[in-house]
Each structure stands twice: as structure tokens, then as C-alpha cells.
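Numbering of residues begins at 1 and proceeds along the displayed sequence. If you're wondering where the values come from, they're calculated on a predicted model, not measured in any experiment.
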Amino acid sequence: MTFQQLQIGDYFRIPGMSDHCVYRKASSSHCSLNALLQPIRAETKVTPLNHAEITNYFALKQEFLQSFRQ
């Protein structure tokens, strides 16, 4: 699948990048990584995340952030 085929708001990974890098489609030409906008080409190959992967991503992120409160 390509970036262009995603819907705005979809979460995805880029094959070959770290599994910890989860992106979100912000517009037809940008994605976000940790709330920072990044330009991206429409033809970039991506792997969309399913519901379980998104849920797991947010659970791990919340766990990481809570570790700073202790």
C-alpha cells in the first residue's frame, strides 16, 4: 500500500524503519511522528496498523509516559 491510499488519520509504519516509529497521516503530503509534521511522498510504501496494533501502541506509549511520574 502507498501513503496516498491511506485515509487522513490512519496510523502506519514504513517498512525498513524501526517498529517503534508509528506515523499518522495528517494530510495528502504530510504525516506526523510524535506530533511533529514530516513531509512524505505519495508513492511511499507503508504498512497500515490494524486496531489491535494501534491499541497496543497507545498502551505502550502511556506506560512509557507514566514511568516518568514514579
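Of all the heavy atoms in Lys45 and Ile14, the pair that sits closest is O-CG2, 4.0 Å. Leu33 and Gln38 make their closest contact through CB-CG, 4.4 Å (heavy atoms, listed as atom of the first residue, atom of the second, distance). Closest heavy-atom contact between Arg13 and Asp19: NE-O, 2.8 Å. Met1 and Pro48 get closest at one heavy-atom pair: SD-CG, 3.6 Å. Minimum heavy-atom separation, Ala26 to Leu37: CB-CD2, 3.6 Å.
Residues Leu6 and Ile40 fall within the same hydrophobic cluster, defined by Ile, Leu, Val, Met, Phe, Trp and Tyr side chains chained together at heavy-atom separations under 4.5 Å.
Atoms OH and OG1, from Tyr11 and Thr55 in turn, are 10.5 Å apart once rounded to the nearest 0.5 Å.
The closest side-chain heavy-atom distance from Leu60 to Phe64 is not below 4.5 Å. The closest side-chain heavy-atom distance from Lys25 to Cys31 is not below 4.5 Å.
Put simply, the side chain of Gln66 never gets that close to the backbone of Glu63: no donor and acceptor are under 3.5 Å apart. At distances below 3.5 Å, at least one donor-acceptor pair connects side-chain atoms of Gln5 with backbone N or O atoms of Thr2.
Not counting sequence neighbours, the partners of Phe12 by the ring-ring contact (aromatic ring centres under 6.0 Å, His included) test are Phe3, Tyr23.
Gln4 CD: 12 or fewer foreign heavy atoms inside a 6.0 Å radius.
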